[in-house]
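One structure is given below, encoded as structure tokens.
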Number of protein chains: 2
Amino acid sequence: MADSKKRSDCPISSSLEVWGDKWSLLIVRDLMFAKQCTYGDFLKSGEKIATNILASRLQTLEENGIITKSDHPGSKAKVLYQLTQKGIDLLPLMVEINLWAEKYYDLPEDRKAMLSEVKKDKEGFIKKMANDLKESIS
Amino acid sequence: MADSKKRSDCPISSSLEVWGDKWSLLIVRDLMFAKQCTYGDFLKSGEKIATNILASRLQTLEENGIITKSDHPGSKAKVLYQLTQKGIDLLPLMVEINLWAEKYYDLPEDRKAMLSEVKKDKEGFIKKMANDLKESIS
DNA sequence: CTTTGCACTTGCATAATGCAAGCAAAATTA
DNA sequence: TAATTTTGCTTGCATTATGCAAGTGCAAAG
């Protein structure tokens, strides 16, 4: 299920073994925008991930220390997922993906607006957003 | 084989549909380091990609405008693969992957050296390397 | 003119993905 | 309190992708 042995010691390869698929970074994206999500929240995202795939990705992301599960305050039926620091550290990467995609694909308006913010002061944007996320988990 | 219909208009999702797998970015990595590679060069990389997977990834990367095939000067038996501008534009993303991985995984020494360069002046590093790549395709 | 190198293809076994349905515990409603 | 709904998954099964090994066709070298 998860990766058993490393293909190589290349950092790109190691990273891809953790989140190199079509779904994992979408989960990270949702958590970056919402700060915390329930299982159901992820299912509501536009890409319509299958429930079994979602469960398996959440598990490997947790096993790899990128997200954590915790109790929902106020409901034992719900589970809260949040980014760890390791997950928050994916923010610069996510920003670059957005910037790349902006150049070659059509984006929705709200994302364009966010990116114009980013382009004004990339470092500042990342620092602020990372801080917001950090506060939400501490 | 390739992606037929978009899952959503999210740039992260669109990007993942192009290179969101365990192999595509390794091909891009090889091209960023070597500027141009033959089919055999890719096979020599440490991760030991299977020949059929390599062929299929090269095809979808080409279909998506990230790499180009061209004749090898001096041998009709060989084929040269190179990054397009769209592929070169993945450089900032690749740099961030390296920086993220550096924080959480062990890297080989030569890559560490490169990253200490990056950390001195990220923008400068990217600009210089992107320019080198650009020159090699023009 | 035979052998080797190169860029793939093909066949087949195994693994991952996707869809629909099911299920147990908690929460809500009646 | 009993019935219904919500929530977070799991299960079964069909489809697709991956991985391995062997094979093919053309170019080049000997």
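The chains referred to below are lettered A, B, ... by the order of the sequence lines, with proteins before strands, and numbering in each begins at 1.
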I'd like to know if the side chain of A:Ser14 pairs up with that of A:Lys6 as donor and acceptor (distance under 3.5 Å, no hydrogens or angles considered). yes
Once you round it to whole Å, what is the distance between P of D:dT16 and CG of B:Asp21? 18 Å
What's the closest nucleotide to the A:Arg57 side chain, out of C:dG18, C:dT17, D:dG8? C:dT17
Side chains of A:Thr68 and A:Gln82, donor plus acceptor under 3.5 Å: no
Checking only heavy atoms, does the side chain of A:Thr51 share a donor-acceptor pair with the base of D:dT10 at less than 3.5 Å? yes
Interatomic distance where CG belongs to A:Leu43 and P belongs to C:dC19 [whole Å]: 13 Å
Selected nucleotide, minimal atom distance to B:Asn52 side chain, candidates C:dG11, D:dG8, C:dA7: C:dG11
Within less than 4.0 Å of OP1 or OP2 of C:dA27, is there a side-chain N or O belonging to A:Ser75? yes
Options C:dA7, C:dC8, C:dG18, nucleotide nearest the side-chain atoms of B:Ala55: C:dC8
Nucleotide D:dG12, atom C1' - distance to CD1 of A:Ile53 in whole Å: 14 Å
Interatomic distance, B:Ile67 CD1 vs C:dA7 C1' [rounded to whole Å]: 14 Å
Report the nucleotide, chosen from C:dC8, C:dC19, C:dT17, that has the shortest atom-to-atom distance to any side-chain atom of B:Tyr39. C:dC8
Taking 4.0 angstrom as the limit, do A:Lys112 and A:Glu102 come out as a salt bridge? no
Between NZ of A:Lys78 and C1' of D:dT5 the distance, given in whole Å, is 13 Å
Please determine if a side-chain N or O atom of A:Tyr81 lies less than 4.0 Å away from the OP1 or OP2 oxygen of D:dT7. no
Ignoring backbone atoms, test whether A:Trp23 places a side-chain nitrogen or oxygen under 4.0 Å from the OP1 or OP2 oxygen of C:dG18. yes
Nearest whole Å is fine: how far is C:dT17 P from A:Leu58 CG? 14 Å
Starting at CD of B:Gln59 and ending at C1' of C:dC8, how long is that distance when rounded to a whole Å? 11 Å
Spatial distance of atom CZ (B:Arg29) from atom SG (A:Cys10) [nearest 0.5 Å]: 4.0 Å
State which of C:dG18, D:dC9, C:dA7 makes the closest approach to the side chain of A:Lys69. D:dC9
Taking for each residue the nucleotide of DNA chain C bearing the nearest heavy atom, is the 5' side occupied by A:Ile49 or by A:Ala77? A:Ile49
Report the distance from atom CG of B:Leu43 to atom NZ of B:Lys48, rounding to the nearest 0.5 Å. 8.5 Å
Starting at atom CG of A:Leu26, determine the distance to atom P of C:dT17, rounded to an integer number of angstrom. 13 Å
